Amino acid sequence: MALIDIQVPDIGDFDEVAVIELLVKPGDTVKAEQSLITVESDKASMEIPSSHAGVVKELRVKLGDKVKQGSVVLVLEGQAVERSAVSVEREQPAVAQPAPAVASVSSTPNPQPSTHNGQADLECDVLVLGGGPGGYSAAFRAADLGLNVVIVERYATLGGVCLNVGCIPSKALLHVAAVMDEVAHMADLGVDFGTPAVNIDKLRGHKEKVIGKLTGGLAAMAKMRKVTTVRGLGQFVGANHLEVSETTGTAQEQNGSKKVIAFKRAIIAAGSQAVRLPFMPNDPRVVDSTGALELKEVPKRMLILGGGIIGLEMGTVYSTLGARLDVVEMMDGLMQGADRDLVKIWQKMNAKRFDNIMLKTKTVSARALPEGIEVTFAPAEEGGTAPAPQVYELVLQAVGRTPNGKKLAAEKAGVAVTDRGFINVDIQMRTNVPHIFAIGDIVGQPMLAHKAVHEAHVAAEVIAGELQGNKELAAAAFNARVIPSVAYTDPEVAWVGLTEDQAKAQGIKVKKGLFPWTASGRAIANGRDEGVTKLLFDDSPEAHGHGKILGGGMVGTHAGDMIGEIAQAIEMGADAVDIGKTIHPHPTLGESIGMAAEVAHGSCTDLPPAKK
Ligand code: FAD
């Protein structure tokens, strides 16, 4: 037995990537090709597989480390075998560049499909597994294109995470929080509404009503399109058959009744679920985003585990309702992925909500005490410090979401699922099995509803094209250049494409157009001039001074409603003149986009003259 250094192999275009997950520990026996760690760049998450079989002697990386080709991941006691390739989970499209034209590479071996010999209770052209934004959009588009569609969903309503326990209920509560904050701010402007009296039951009822309206609308639209909805837990029993175990109630209780559906094509849209840290006690005071949205009561002290969008949005709601917040984040900043200039402003505006912002800190254990959940922290980096254990009335776990790929018996259909539960697809959303497609959270980051919907339309169109011999539809592909992100906090933070740090890391020379909202008439009139709009244009010599927009972002009220314009500018290859010469109405916050472009171009007259 030899001691072997397992290194990061060639990872293509990526210079340095962050370790976001350790999949093995010392003492574990690993097989050749088994995934060891997950790394993430701004464009993709990748699992690094082992090139050898053996026993892990020593881990040489920890969470948050930056690694590159040649970095030693771990030391293995084992026998030499062939070096493997890196498993690349579905890449996001390159920032402000055409999406890759080839399928993602997978080291996951393709399973042999089972054969289902029994009868089918239902037959369809397209079977859609999962009724979230990906699933219902795929089903509706396929039906609109003339296909016979069945959608299988384990819960009572369509809409998935987004409508039932995600985007929509969180925004219903965030809207109320934003109005409360706005009203409190009015006192500074001379109108004092006094201290608000919150009826939490009524507020919860409002949120439920919003969900009901939207999910009811989906059920009606499914009916209008003659999409058959089958309630139950679906699992593949063959390459063209899915078995559905009927579920009832608000949860997923199975009543023993089963149905088999035969399909020509399938679209897997089974989504994701919140990651639960294994050491967190099973206690009602420890919740994930779904539990937090139940809004049972407002704690005095709340810990948010994970400084990402979901945690900070929920934190905003609870803090406005009266909770004091702590947040713990392993990385060196909150809201990873957003431009640091924007996050800095957000953090300054939100400092009042937090007692402690613990960066480069990890949570290592927790125990339930009568007075609350006691949480113990440790530094995420060697030589760092961490605060003493703290007790909280509520702990929100918002450390990420994990795909549901391993729960579908996908191997019986021959569909390969990665160790982490993702399903790799090509740009037509096709899995390794040519007649089975996958979309949404289950195919990779970013886990966002608008990405799922666009992928859904592609899958449905490709299928319709193939079944109906329509070449144009059959050539559909997901080739978006960029996918915008929004934190619906107060102020909102929205960004799309390249950030300044990413440009620097990738050696891309950019020209910056920064428009502070202190010069926006509308923002000043609104009493909310803390915002900034920032655009980045290609400033490489090849651009000859007419560089296209590569990225942009905003922090400020309604930033999320405006980011679409920057995304469209990137998709259309606009330059600073295109954006600056587009007449934006005055006085609007959207004007700040035109003005940021003018700043980059050197023609802005709403700011003091640029220093020569
Ligand atoms: P899902 O919405 O997860 O839907 C999958 C569906 O499949 C589920 O209904 C599930 O019950 C069903 N299913 C799974 N397995 C089976 C099975 N075996 N049989 C039958 N049914 C099955 N995104 C945004 O873009 N904007 C936001 O503001 C936003 N806010 C969010 C806030 C929170 C708190 C959370 C948790 C998420 C938020 N997201 C947001 C993310 C967004 O909800 C997801 O990206 C989106 O729902 C993914 O859609 P999907 O169709 O891939 O999967």
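Note that ligands are numbered from 1 as they come in the structure, with each ligand's atoms numbered from 1 the same way. Computed from a predicted model, the values in this text were never measured in an experiment.
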Who's closest to [atom] heavy-atom-wise, of [options]?
atom	options	result
atom 53 (O) of ligand 1	Gly160, Gly405, Gly271	Gly271
atom 15 (N) of ligand 1	Cys162, Ser245, Ala270	Ala270
atom 34 (C) of ligand 1	Ser289, Ala456, Gly159	Ser289

Nearest protein heavy atom to [atom], by residue and atom, and its distance?
atom	answer
atom 28 (O) of ligand 1	Lys171 NZ, 2.7 Å
atom 5 (C) of ligand 1	Ala269 O, 3.3 Å
atom 24 (C) of ligand 1	Ala449 N, 3.5 Å
atom 37 (C) of ligand 1	Ile310 CD1, 3.8 Å
atom 49 (O) of ligand 1	Pro133 CD, 3.4 Å
atom 17 (C) of ligand 1	Gly234 N, 3.7 Å
atom 26 (N) of ligand 1	Cys167 SG, 3.8 Å
atom 10 (C) of ligand 1	Arg154 NE, 3.4 Å

Quick one: which ligand 1 atoms are inside 4.0 Å of a heavy atom on [X]?
X	answer
Leu129	17 (C), 19 (N), 20 (C)
Leu448	23 (N), 24 (C), 25 (O), 45 (O)
His450	25 (O)
Gly440	52 (O)
Gly131	6 (C), 7 (O)
Gly130	6 (C), 7 (O), 12 (C)
Gly132	2 (O), 4 (O), 6 (C), 51 (O)
Tyr155	11 (O)

Can you check whether [X] has an N/O within less than 3.5 Å of an N/O in ligand 1?
X	result
Met447	yes
Tyr488	no
Val161	yes
Leu408	no
Glu313	no
Asp441	yes

Quiz item: Which part of Ser272 is near ligand 1, with near meaning a heavy atom under 4.0 Å away: side chain, backbone, both or neither?
Solution: backbone
What I'd like to find out is whether the side chain of [X] reaches to under 4.5 Å of the side chain of [Y], using heavy atoms alone.
X	Y	value
Val462	Met429	no
Lys412	Pro113	no
Asn424	Thr418	yes
Met335	Thr489	yes
Ile563	Ile566	yes
Leu473	Glu466	no

Practice problem: Output yes when Lys451 and Glu455 qualify as a salt bridge under the 4.0 Å nitrogen-oxygen rule, no when they do not. | Solution: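 Answer for the salt bridge query: yes.
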Self-check item: Residues Glu461 and Arg141 bridged, charged N to O under 4.0 Å
Solution: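 Salt bridge between Glu461 and Arg141, a charged N being under 4.0 Å from a carboxylate O: yes.
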Practice problem: Might you confirm whether atom CD of Glu253 has over 12 heavy atoms from other residues, nucleotides or ligands at distances under 6.0 Å? | Solution: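 Atom CD in Glu253 is packed in, count exceeds 12.
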Contact summary for [X] and [Y], nearest pair of heavy atoms:
X	Y	result
Val486	Ala494	CG2-CB, 4.0 Å
Val126	Leu147	CG2-CD1, 3.6 Å
Thr229	Ala222	OG1-CB, 4.2 Å

Quiz item: Could you state the interatomic distance from OH (Tyr136) to CG (Leu218), rounded to the nearest 0.5 Å?
Solution: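 Answer for the OH-CG pair, Tyr136 versus Leu218, is 5.0 Å.
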Exercise. Please round to the nearest 0.5 Å and tell me the distance separating atom CD1 of Ile442 and atom CZ of Phe422.
Key: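 Reported to 0.5 Å precision, the distance equals 9.0 Å.
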Exercise. Could you tell me if any non-hydrogen atom of Gly232 lies under 4.0 Å from any atom of ligand 1?
Key: yes
Quiz item: Looking only at heavy atoms of Arg401, does any of them come nearer than 4.0 Å to an atom of ligand 1?
Solution: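 Right, Arg401 reaches ligand 1.
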Self-check item: Parallel, tilted or perpendicular, as decided by the 30° and 60° cut-offs, for the rings of His435 and Phe263
Solution: tilted
Quiz item: When you check the side-chain N and O atoms of Asn148 and Asp125, is any donor under 3.5 Å from an acceptor?
Solution: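 The answer is no; no qualifying pair exists.
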